[in-house]
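On a predicted model such as this, the values are computed, not experimentally measured, just so you know. Order of the sequence lines fixes the chain letters, A, B, ..., with proteins taken first and strands second; residue numbering starts at 1 for each chain.
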Amino acid sequence: MSAKQYKTVGEEAWKNNVEKVNAELFIFTYGSLVVQLVKDYEDYTAVNKQLDKMGYNIGVRLIDDVLARTGLEKCADFHSTAEVISKVGFKVFLNITPSVQNWSSDGKEFSLIIDDNPLNDFCELPPRAVQDGLWYSNVFCGVIRGALEMMQMQTEVYFVRDVLHGADVSEIRVKLVKVLDEEVPANDE
Amino acid sequence: MTSQQQVQSLLKLDTKASKRSTLLLEQPVTRQRRDKVGLSSFAFLFAEMIRYSQNRVLGIQDLEAKLNELGQRVGVRVLELTMSREKIVRRETRVLQMLVYINSVVWRALFDKQADSLERSTENEDEYMITDNEPAILKYISVPREMASFSPGAFVSGVVEAIASCCQCPARVTSHVVPAEGMPLRTVILLKFDKEVMEREKRLESGK
């Protein structure tokens with residue numbers, strides 16, 4: 001399927017096949033969670049890690065939701081995977097479509113560029129959090145990693161820059177480490 | 001890095017970030033800028049919040065208290081935001097008006113519908129109940145049998161508790177699942193107002 005077809009799949013699913021909830025409720029709730037984590041851990045690196053972990057737990061479940069809603073099949077290559085994440089995954093859950101850019105020459109790494117991250121609405125980081133490198137939306141990384149692992153792809157996913165740190169756009173780097181053999185999923189806790 | 005470099009890099013970050021935040025703060029909030037996200041996104045997030053909280057508490061009551069706390073931070077913000085959108089400059093400080101505000105405006109802002117009923121308890125006059133027959137955000141949370149008394153609506157009760165306290169009507173707010181015919185998730189948010197609130201109400205009432 002071409003990028004354009006994936007776009008249609010995502011838009012159709014969003015329009016007809018997705019129950020929706022008020023975006024602001026979601027945004028505030030996420031904010032409240034991050035505040036809780038900052039209070040509990042008192043260390044921004046640990047918060048990043050916890051957000052990633054929670055994202056991973058979400059990702060391993062979310063992938064079924066995506067497949068069920070869209071009827072998509074396993075991607076033929078990593079390029080289509082990237083397109084599905086941006087045009088179907090992000091679309092169906094958050095109604096945004098990050099662009100896929102900066103492919104590495106071996107075709108195993110790409111960046112998702114998000115210029116309008118819903119989680120950033122109403123959010124401003126204190127200078128301390130920026131300096132210590134809190135990735136406010138780090139949950140995304142975990143979600144992508146978890147979802148791809150369920151599709152037998154082991155990946156590294158991390159934030160490169162973030163609007164909340166003063167960058168023009170947010171960038172998430174996705175790197176394919178290896179393709180796993182079919183096996184029983186590891187305990188996700 | 002020398003300390004001077006550190007200061008400089010911090011300053012640089014700070015100006016960059018504050019440039020953005022000025023933009024952010026200049027954005028109008030009177031109209032909702034972003035309409036919807038997927039309900040499953042919320043459900044997944046909420047489930048993780050419950051799981052995370054559960055790992056840090058010992059009992060069901062503590063778990064509900066944790067969720068309540070998470071909801072409170074949402075409540076404070078929602079109150080501010082809805083007030084500015086409804087162009088209200090003064091907070092409701094009377095119990096009934098405040099409850100009506102929660103029942104209609106807040107519920108609409110969060111769940112796109114009014115709550116299904118607002119009642120006063122017949123047994124205790126300091127108790128009020130807001131009922132939602134079908135809380136959409138709890139739809140995908142299934143409570144295991146051994147935790148039957150746990151009500152995930154504790155998150156919503158946190159939202160209500162924060163608003164009550166902002167309106168100078170502090171109350172203990174709890175949530176209870178009270179299933180009814182065809183409405184398995186029917187949730188009752190119970191507000192028990194502090195003594196001084198009820199005394200003040202009586203005073204204001206008789207002063208009229």
- Can you establish whether the number of heavy atoms outside K49(A) located under 6.0 Å from its atom NZ is more than 12? no
- Would you say the side chain of N95(A) lies within less than 4.5 Å of the side chain of V37(B), judging by non-hydrogen atoms? no
- Message: One pair to check against side-chain contact (heavy atoms from CB on, under 4.5 Å): F42(B) and E19(A). What are the steps and the verdict?
- Response: CA-CA 11 Å; F42(B) 186 91; E19(A) 288 175 282; over 6 Å; no
- May I ask you to name which of L37(A), I96(A), I27(A) has the most heavy-atom pairs under 4.5 Å with chain B? L37(A)
- Message: Take a 6.0 Å sphere around CD of E11(A) and say whether it holds more than 12 heavy atoms from other residues, nucleotides or ligands.
- Response: yes
- Checking heavy-atom separations under 4.5 Å from chain A, one finds in residues 43-50 of chain B F44(B), L45(B), E48(B), M49(B)
- Query: Given Q36(A) and K66(B), is the side-chain contact (heavy atoms from CB on, under 4.5 Å) satisfied, shown in steps?
  - Reply: CA-CA 9 Å; Q36(A) 187 66 48; K66(B) 271 262 170 202; 3.3 Å; yes
- Query: Just by distance, do the side chain of S41(B) and the backbone of F93(A) share a donor-acceptor pair under 3.5 Å?
  - Reply: yes
- Query: Is E86(B) atom CD crowded by more than 12 heavy atoms from other residues, nucleotides or ligands, each under 6.0 Å away?
  - Reply: yes
- Is there a side-chain contact between L39(B) and V18(A), using heavy atoms and a 4.5 Å cut-off? no
- Pair count under 4.5 Å, heavy atoms only, with chain B: among V92(A), V139(A), I58(A), highest is I58(A)
- Task: Check the surroundings of atom CD in Q61(B): do more than 12 heavy atoms from other residues, nucleotides or ligands lie under 6.0 Å from it?
- Result: no
- Message: With heavy-atom distances below 4.5 Å as the criterion, would you say the side chains of T29(A) and V74(B) are in contact?
- Response: yes
- Message: Run the side-chain contact (heavy atoms from CB on, under 4.5 Å) test on N22(A) and L110(B) for me, step by step, so that the C-alpha distance in whole Å, both residues' side-chain angles and the decisive distance to 0.1 Å come before the verdict.
- Response: CA-CA 6 Å; N22(A) 191 300; L110(B) 290 180; 5.9 Å; no
- State whether the number of non-hydrogen atoms from other residues, nucleotides or ligands found under 6.0 Å of K74(A) atom NZ is greater than 12. yes
- Quick one: CG on L25(A) to CZ on R77(B), what's the gap to the nearest 0.5 Å? 13.0 Å
- Neighbour count >12 (heavy atoms, 6.0 Å) for atom CG, D168(A): no
- Quick one: what part of D35(B) sits under 4.5 Å from any heavy atom of chain A, side chain, backbone, both or neither? backbone
- In terms of heavy-atom contacts, does CZ of R120(B) have more than 12 from other residues, nucleotides or ligands at under 6.0 Å? yes
- Could you grab the distance from atom CZ of R69(A) to atom OG of S40(B), nearest 0.5 Å is fine? 4.0 Å
- Check whether any side-chain heavy atom of Y52(B) lies under 4.5 Å from a side-chain heavy atom of M54(A), and answer yes or no. yes
- Task: For atom NZ of K7(A), decide whether the heavy atoms of other residues, nucleotides or ligands shown that lie under 6.0 angstrom number more than 12.
- Result: no
- Task: Spell out the residues in residues 136-150 of chain B that have some non-hydrogen atom less than 4.5 Å away from a non-hydrogen atom of chain A, in order of number; otherwise answer 'none'.
- Result: I137(B), K139(B), Y140(B)
- Task: Could you grab the distance from atom OG of S32(A) to atom CD of Q72(B), nearest 0.5 Å is fine?
- Result: 9.5 Å
- Item | Proximity breakdown for K39(A) and chain B, heavy-atom pairs closer than 4.5 Å | side chain
- Is D116(A) salt-bridged to R34(B), going by a charged N under 4.0 Å from an acidic O? yes
- Task: With a 4.5 Å cut-off on heavy-atom pairs, point out which of V35(A), L33(A), D40(A) contacts chain B the most.
- Result: D40(A)
